[in-house]
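Numbering starts at 1 and runs along the sequence shown. Computed from a prediction, not measured in an experiment: that's the story for all the values here. Side-chain atoms are counted along with the backbone in the values below, which use heavy atoms only and exclude waters and symmetry mates.
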Amino acid sequence: MSTVSALGKQRTPIRPARVLLHVFLAVTALAWLAPLLWAVFSALRPYSETSDRGYVSWPHTLNFDNFTNAFTQSDMTHYFMNTLIIAVPAVLLTLFLSSMVAFYVSRFDFRLNLALLLVFTAGNLLPQQVIITPLYRMYLLTNLPGITQSGKLYDSALGLVLIHVAFQSGFCAFVLSNYMRSLPHELTEAALVDGASVWRLYWQITLPLCRPAMAALATLLSIWIYNDFFWALVLISTGENMPITSALNNLSGQYFTDPNLVAAGSLLTAIPTLVVYFALQKQFVSGLTLGSAKG
């Protein structure tokens with residue numbers, strides 16, 4: 001028995017290929033983390049020190065003054081609320097509408113089933129820069145008196161919500177339809193025999209089974225919509241209506257920009273996305289690994 005335990009404790013020989021693999025993974029991880037670590041290092045140093053000694057120098061002063069100044073000077077609380085007003089409805093509407101499309105094309109058989117899904121998915125293949133000119137004109141010509149502050153679809157949170165829903169629904173419908181197809185059809189057939197309506201099939205039977213996929217998509221959508229800069233820059237003209245990513249321009253002056261202050265502001269804006277990811281981490285991972293063990 002002691003001989004068996006002694007043999008069990010013997011270490012397996014280290015193969016050179018395994019060592020090279022771990023070295024490659026460590027170097028890759030450092031390469032990905034290097035910009036983030038450099039931003040943290042720069043944000044903790046005052047601009048006067050880096051301007052005198054250079055950024056590649058040993059720090060003499062490390063403090064959180066840049067974070068405090070970035071939060072107060074850019075009025076981040078106001079712009080965080082603007083982003084919240086845009087991101088939350090956009091994520092909820094995208095998941096709701098795309099799940100309805102996915103339910104219809106995956107649980108019902110008809111001739112245009114695949115064509116309808118392709119139409120929704122094809123919207124993600126169209127570059128945003130291609131349609132920005134006609135979309136900009138359409139937003140200017142769409143009058144919404146009493147609904148938005150500007151009286152138009154342009155320069156409003158509603159306009160950004162609609163454009164995010166339009167561009168993200170195709171991808172979500174594609175993912176959810178593939179997941180719903182993996183659900184057993186016996187559930188739908190049994191519910192139909194019991195007299196369940198189509199809405200009940202969708203809301204009470206199919207949708208609860210899609211929680212892992214919905215959580216994974218909610219995490220991705222929250223990060224994508226929160227980090228959007230292009231649409232907010234083009235479709236918002238009033239500074240007070242901009243989301244947090246566009247509001248970072250407030251930290252840059254016309255003739256002078258403090259890179260350390262901008263780095264601190266960028267790190268502060270990244271905190272909500274990290275909170276969303278860690279809050280939905282288990283659901284996100286389980287949603288990504290769905291079907292990996294099937295075969």
Side-chain angles (χ1 to χ4, degrees), residues 81-110 112-126 128 135 139 142 144 147-148 153 156-183 185 187-188 191-192 196-228 231-232 235 243 272-273 275-277 279-288 290-291:
M81 291 302 301
N82 288 348
T83 305
L84 197 65
I85 292 172
I86 296 170
V88 173
V91 171
L92 295 179
L93 276 175
T94 302
L95 291 177
F96 177 66
L97 296 177
S98 60
S99 62
M100 294 179 70
V101 174
F103 172 76
Y104 188 69
V105 300
S106 62
R107 312 306 286 183
F108 296 94
D109 295 327
F110 58 100
L112 300 178
N113 190 320
L114 183 60
L116 180 61
L117 183 60
L118 288 176
V119 169
F120 277 87
T121 309
N124 293 93
L125 304 178
L126 192 65
Q128 300 175 350
L135 188 69
Y139 268 51
T142 304
L144 297 174
I147 299 179
T148 61
L153 195 58
S156 66
L158 177 61
L160 288 182
V161 170
L162 293 179
I163 196 62
H164 286 307
V165 172
F167 264 86
Q168 305 298 340
S169 294
F171 171 75
C172 294
F174 176 76
V175 173
L176 289 175
S177 64
N178 289 334
Y179 177 72
M180 289 182 183
R181 284 193 178 95
S182 66
L183 300 177
H185 284 272
L187 293 174
T188 305
L192 288 174
S197 62
V198 175
W199 174 257
R200 189 173 183 182
L201 287 176
Y202 161 74
W203 187 256
Q204 295 184 353
I205 297 176
T206 304
L207 206 59
L209 298 175
C210 298
R211 287 178 180 175
M214 297 280 281
L217 288 175
T219 306
L220 292 175
L221 287 174
S222 299
I223 295 174
W224 290 342
I225 296 175
Y226 179 87
N227 289 329
D228 171 67
W231 291 118
L235 300 178
T273 58
V275 172
V276 171
Y277 174 76
L280 301 176
Q281 183 179 12
K282 292 182 179 180
Q283 292 82 356
F284 179 71
V285 174
S286 62
L288 292 180
L290 286 172

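N82 and P243 get closest at one heavy-atom pair: CB-CA, 4.3 Å. For the residue pair A173 and S98, the shortest heavy atom distance occurs at N-CB, 3.6 Å. Contact detail for I225 and A90: the closest heavy-atom pair is CD1-CB, 3.7 Å. For the residue pair L95 and L221, the shortest heavy atom distance occurs at CD2-CD1, 3.8 Å.
Between H185 and R107 there is a side-chain heavy-atom pair separated by less than 4.5 Å. In this structure, T148 and L153 have side chains that are not in contact, with every pair of non-hydrogen atoms separated by 4.5 Å or more. Considering only heavy atoms from C-beta on, S222 stays 4.5 Å or farther from T273 through its side chain. Between P208 and Q204, every side-chain heavy-atom pair lies at or beyond the 4.5 Å cut-off. The shortest distance between side-chain heavy atoms of I86 and Y226 does not fall below 4.5 Å.
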Item checked: Residues F174, L118; criterion side-chain contact (heavy atoms from CB on, under 4.5 Å); working and verdict -> CA-CA 8 Å; F174 176 76; L118 288 176; over 6 Å; no
Next item on the list: Report the C-alpha distance between L97 and V101 in whole Å, list the side-chain angles of each, state the deciding distance to 0.1 Å, and finish with yes or no for side-chain contact (heavy atoms from CB on, under 4.5 Å).
Entry: CA-CA 6 Å; L97 296 177; V101 174; 5.7 Å; no
Next item on the list: Would you sort out whether L183 and C210 count as a side-chain contact (heavy atoms from CB on, under 4.5 Å), showing the intermediate values?
Entry: CA-CA 9 Å; L183 300 177; C210 298; 4.3 Å; yes
Item checked: Residue pair F103, L207: steps toward the side-chain contact (heavy atoms from CB on, under 4.5 Å) verdict -> CA-CA 9 Å; F103 172 76; L207 206 59; over 6 Å; no
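One distance of note links CG of L158 with CD1 of I85; it measures 12.0 Å at 0.5 Å rounding. Distance check, rounded to the nearest 0.5 Å: CG of L176 to CE of M100 gives 13.0 Å. Between F96 atom CZ and M214 atom CE the span is 9.5 Å, to the nearest 0.5 Å. Here the CG atom belonging to L209 is positioned 8.5 Å from the CD1 atom belonging to I205, to the nearest 0.5 angstrom. With rounding to the nearest 0.5 Å, the separation of OG1 in T142 from CD1 in I147 is 11.0 Å. Between D228 atom CG and I223 atom CD1 the span is 14.0 Å, to the nearest 0.5 Å.
Between W224 and F171, the distance separating the two ring centers is shorter than 6.0 angstrom. Taking the ring centroids of Y202 and Y104, they lie at or beyond the 6.0 Å cut-off.
When each of T206, T188, V105 is tested with M180 by the rule side chain to side chain contact (heavy atoms under 4.5 Å, CB included), just one qualifies, namely T206.
Remark: R200 CZ is loosely packed, at most 12 non-hydrogen atoms of other residues, nucleotides or ligands lying under 6.0 Å away.
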